[in-house]
Amino acid sequence: MGEERSLNFIEEIVEEDLASGKHGGRILTRFPPEPNGYLHIGHAKSICLNFGLALKYGGKTNLRFDDTNPSKEETEYVDSIKADVSWLGFEWANELYASDYFEQLYNFAVELIKKGLAYVDDSTAEEIATQKGTPTEPGKANIYRSRSIDENLKLFAEMKEGKYQDGEKVLRAKVDLAAPNMHLRDPLMYRIKHTHHHRTGDKWCIYPMYDFAHGQSDAIEKITHSICTLEFIPHRDLYNWFIEQLDIFPSKQYEFARLNLNYTVMSKRKLLQLVEEKHVEDWDDPRMPTISGLRRRGYTPVAIRDFCDRIGVAKRENMIDVSLLEFCIREDLNKTAWRRMAVLDPIKMVITNYPKNQTENLFSENNPEAEGGDGGRELPFSNQLWIEREDFMEEPPKKFFRLGVGLMVRLKSAYIVKCDSFTKDSAGNIVEIQCSYIPESKSGSDTSGINVKGTIHWVSVAHAQTAEVRLYDRLFKVEDPSNEEGDFKDYLNPDSLHILPKVYTEPDLANAITGKGYQFIRKGYFTIDKHSTADNVIFNRTVTLKDGWVKK
RNA sequence: UGCCUGAUAGUAUAAUGGUAGUACGACGGUUUUUGGUACCGUUUGUCUAGGUUCGAAUCCUGGUCGGGCAACCA
């Protein structure tokens, strides 16, 4: 052991703080989602970072819902977020809400008004925007900026009491209208919204803006390291300004680059659109990059955490290749998934020299990667089998290790067979292939001395179960749909879902356990879908197996 | 043309003035009752121009390119 992994830049900061005795060696992070959508794989990166840091350095992590905008937030999202964080395997120290601090935030605002550092502005949104100037021109003060403290106090109280309509007034911080950083040009602290809040109900009609809520919430909780994504860098000056003016706990903000994955989108706004416009079934559609979608697809917490570990944490913009995510899930499932046989695109094989009404039960281990095979199950074998259509070729090329007239393969866990002939229907489709088996080649007691290059999977016709199988492909046709001309939805992959209504599976798959990953030998990893029933068993393909076979 | 950021193989990520390494991908091979797994090997990189230094991916200066910032969103 003891193989030192190099630290990412945030771990370096934490270790420096620990070494210098900052905060008495205490580490407290927070994961602060807004409950306005489902968590996605990008959030998983943040979750793994925040919780992982605390775990590594003996600290704790709060789960804090940043619920300061009631018009977008719902309890459904709160519940899904909690479920997803738990499922990933993390435990938060406290479940908190920015809305828990509304009273205190209000008092902070009053304090700033009293210090002459905040004022009530009657301007419209448009007026405020133009008065702010542009990045190259300073903003201009309006008449409201010089209101007296007493008037501001009175007006702000009236805002709270509901005396004004939405948009009629706002509370602004008095910072610097000429600041090169636009966020410092007298940012809004409070706006009026006569909207029902998912937790505070109708108690409030004024709600704090992100900038006046996040840093103060961090300070209230005494968060030591407040980690967010790059786009908040310009907010940091304001974050610090409020903390300094209010003289509260000096939480510090650090920024890292968010995760981007190719062939998908990673914004709650866009994902919500896909859901609302029915381009996908729901937030947990297996094609979605959401945690719930990945879970339904068959991804495991282990694989997702491993992925987050491997992608690293840095400050440069990045675009991770989905192949890394796929590698991680294969890596995990290879070790844990039970092997089963299923024929997705069937063609019938008749074994002409095997007794017609005979059935024998053959044994096959659950997982060759596990010691002892992790147990096993019985496979009924008979003279009529389903095999994969692509495992037979009328005119096989040289290195085709499967079936063609005169070629031999092993039937996995069963016998070696030799292809003698095949039958076509009137339309020229191959409908059946005829083989003879080698009785001495039985798996486990093979005395035939024959060596074959290929092994194929099969299911006994008489014993086969049926199931629906859903094959998924990338949701978008292009690597970065958000960066293309026009609407990102123009680049949706029309073939991202392919349903096979009736595939044949070995009998044991009738007992498939929900939530467990199965490897359909040579076909990929699959898991039971949430809509699966006893009458209509549905499997989702999590990921294909890596395919080293390139034709020709 | 203001401010803030960043730039190392195809994609990520290390090297913190001293041999540019690792992972994924790709390619090739060995093993294999999954064309899977495992194992072995190959391939490709410091944005650019100067400067400091015995020595620069690292420090300095100029340039180039990318991302962000002017929501009563977070």
Side-chain angles (χ1 to χ4, degrees), chain A residues 5-8 12 32-34 36 66-69 71-73 98 121 123-125 128-130 132-139 166-172 179-185 188-193 206-207 209-211 213-214 228-237 255 257 262 268-269 307 309-328 330-331 334-335 339 341 364 367-369 399-402 409-414 416 441 443-444 446 451-457 519-524 544-550:
Chain A
R5 243 254 270 89
S6 56
L7 304 177
N8 65 49
E12 282 181 5
E34 182 188 11
N36 66 343
D66 233 332
D67 55 351
T68 57
N69 184 1
S71 37
K72 291 185 177 178
E73 295 150 7
D121 193 327
S123 309
T124 64
I128 289 177
T130 48
K132 270 191 186 178
T134 68
T136 51
E137 296 164 57
D166 289 10
E168 213 176 320
K169 285 179 167 43
V170 292
L171 183 71
R172 288 227 259 171
N181 181 347
M182 297 296 293
H183 293 273
L184 258 22
R185 320 250 265 227
L188 268 64
M189 293 165 60
Y190 269 91
R191 77 287 218 189
I192 299 169
K193 264 181 192 283
I206 57 172
Y207 292 94
M209 301 289 290
Y210 167 84
D211 285 307
H214 202 98
C228 61
T229 47
L230 255 28
E231 66 267 30
F232 290 97
I233 289 176
H235 295 251
R236 190 173 61 224
D237 288 342
E255 311 87 7
N262 59 185
K268 281 193 274 187
R269 204 193 96 251
F307 173 75
D309 248 22
R310 288 169 182 269
I311 58 179
V313 177
K315 295 187 82 140
R316 72 185 83 112
E317 300 280 337
N318 59 80
M319 173 75 79
I320 307 284
D321 204 305
V322 279
S323 65
L324 182 61
L325 221 207
E326 294 179 344
F327 166 82
C328 292
R330 287 191 187 110
E331 175 113 314
N334 177 52
K335 287 181 287 196
R339 272 56 172 174
M341 292 204 273
S364 192
N367 187 348
E369 301 302 312
K399 287 201 171 173
F400 188 70
F401 303 145
R402 300 174 231 171
V409 292
R410 171 166 298 277
L411 296 172
K412 172 74 184 170
S413 297
I416 292 173
S441 68
S443 184
D446 186 347
N451 267 316
V452 290
K453 268 291 213 179
T455 299
I456 65 171
H457 57 282
Q519 185 195 103
F520 290 1
I521 289 177
R522 304 208 301 142
K523 293 275 94 179
T544 60
L545 254 27
K546 195 170 145 192
D547 192 1
W549 163 249
V550 273

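First the proteins, then the strands, lettered A, B, ... as listed; each starts at 1.
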Dot-bracket for RNA chain B, please. Rules: Watson-Crick or G-U, both distances under 3.5 Å, ( ) within the strand, [ ] when a pair crosses earlier ones, | for another strand, . otherwise. .((((((..((((....[..)))).(((((.......)))))....(((((..]....))))))))))).....
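Across the P atoms, B:C65 and B:C47 are found 16 Å apart, a figure rounded to whole Å. Nucleotides B:U53 and B:U58, compared at atom P, are 16 Å apart to the nearest Å. For B:C54 and B:U5, the C1' atoms lie 35 Å apart once the distance is rounded to whole Å. Using C1' as the reference atom, B:U46 and B:A9 are 10 Å apart when rounded to the nearest Å. Comparing B:A14 with B:A20, their C1' atoms are spaced 10 Å from each other, to the whole Å. Distance check on atom C1': B:G45 versus B:C40 gives 24 Å, rounded to whole Å. If you take atom C1' in B:C39 and the same atom in B:U32, they sit 12 Å apart, rounded to whole Å. With both ends at atom P, the span from B:U30 to B:U13 equals 36 Å, rounded to whole Å.
Rounded to the nearest 0.5 angstrom, A:I320 CD1 and A:R310 CZ are separated by 12.0 Å. If you take OG1 on A:T134 and NZ on A:K132, they are separated by 13.0 Å, rounding to the nearest 0.5 Å. Interatomic distance, A:D211 CG to A:M189 CE, rounded to the nearest 0.5 Å: 10.5 Å. For the atom pair A:H235 NE2 and A:L184 CG, the distance stands at 11.0 Å (nearest 0.5 Å). Taken to the nearest 0.5 Å, the CG atom of A:L188 stands 6.5 Å off from the CZ atom of A:R172. Interatomic distance, CG of A:L411 versus NE2 of A:H457, reported as 11.0 Å (0.5 Å rounding).
For A:T68 and B:A74, the shortest distance from a side-chain N or O to OP1 or OP2 is below 4.0 Å.
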Dump the pairs, protein N or O against N or O of nucleotides 10-15 of chain B, anything under 3.5 Å, distances to one decimal.
{"from": "B:U11", "atom 1": "O3'", "to": "A:M319", "atom 2": "O", "distance (Å)": "3.0"}
{"from": "B:U11", "atom 1": "O2'", "to": "A:M319", "atom 2": "O", "distance (Å)": "2.9"}
{"from": "B:A12", "atom 1": "OP1", "to": "A:M319", "atom 2": "N", "distance (Å)": "2.6"}
{"from": "B:A12", "atom 1": "OP1", "to": "A:M319", "atom 2": "O", "distance (Å)": "3.3"}
{"from": "B:A12", "atom 1": "O5'", "to": "A:M319", "atom 2": "O", "distance (Å)": "3.4"}
{"from": "B:A12", "atom 1": "O2'", "to": "A:I311", "atom 2": "O", "distance (Å)": "2.8"}
{"from": "B:U13", "atom 1": "OP2", "to": "A:R316", "atom 2": "NH1", "distance (Å)": "2.7"}
{"from": "B:A14", "atom 1": "O2'", "to": "A:S6", "atom 2": "OG", "distance (Å)": "3.3"}

Grab the N/O contacts between the protein and nucleotides 69-71 of chain B below 3.5 Å, and write none if there aren't any.
{"from": "B:C69", "atom 1": "O2'", "to": "A:H183", "atom 2": "NE2", "distance (Å)": "3.2"}

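Listed here is the closest heavy atom pair of A:D446 and A:S441: OD1-CA, 3.4 Å. Across all their heavy atoms, A:G133 and A:R185 have their closest contact at C-NH2, 3.8 Å. Across all their heavy atoms, A:E317 and A:L230 have their closest contact at OE2-CD2, 4.0 Å.
Each of A:T68, A:I206, A:V170 was evaluated against A:Y190; a single residue qualifies, A:I206, per the side-chain contact (heavy atoms from CB on, under 4.5 Å) test.
No donor-acceptor pair under 3.5 Å is formed between the side chain of A:R191 and the backbone N or O of A:G167. Side-chain atoms of A:N367 come within 3.5 Å of backbone atoms of A:K335 as a donor-acceptor pair (strictly under, hydrogens ignored).
Counting non-hydrogen atoms under 4.0 angstrom, A:S123 reaches a base of the nucleic acid. If you check every strand for non-hydrogen atoms under 4.0 Å, A:Y190 touches nothing. Residue-level contact check: A:T124 touches the bases, meaning some heavy atom is under 4.0 Å from a base atom.
At least one side-chain heavy atom of A:K193 sits under 4.5 Å from a side-chain heavy atom of A:N69.
Residues meeting the salt bridge (charged side-chain N to carboxylate O under 4.0 Å, His left out) test with A:K315, sequence neighbours left out: A:E255. For A:E369, the salt bridge (charged side-chain N to carboxylate O under 4.0 Å, His left out) test picks out no residue, with sequence neighbours left out.
Separating the CZ atom of A:R269 from the C1' atom of B:A74 is a distance of 13 Å, rounded to the nearest angstrom. Between A:L184 atom CG and B:C4 atom P the separation is 12 Å, expressed in whole Å. Across the protein-nucleic acid pair, A:Y207 atom OH and B:A74 atom C1' stand 16 Å apart, rounded to whole Å. Atom C1' of nucleotide B:C73 and atom CG of A:D66 are separated by 11 Å, given to the nearest angstrom. When the P atom of B:G67 is taken as reference, atom CG of A:L230 falls 13 Å away, rounded to whole Å.
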Each nucleotide in nucleotides 32-40 of chain B should get exactly one letter: B, S or -. Can you fill that in based on protein heavy atoms under 4.0 Å? -BBBBB---
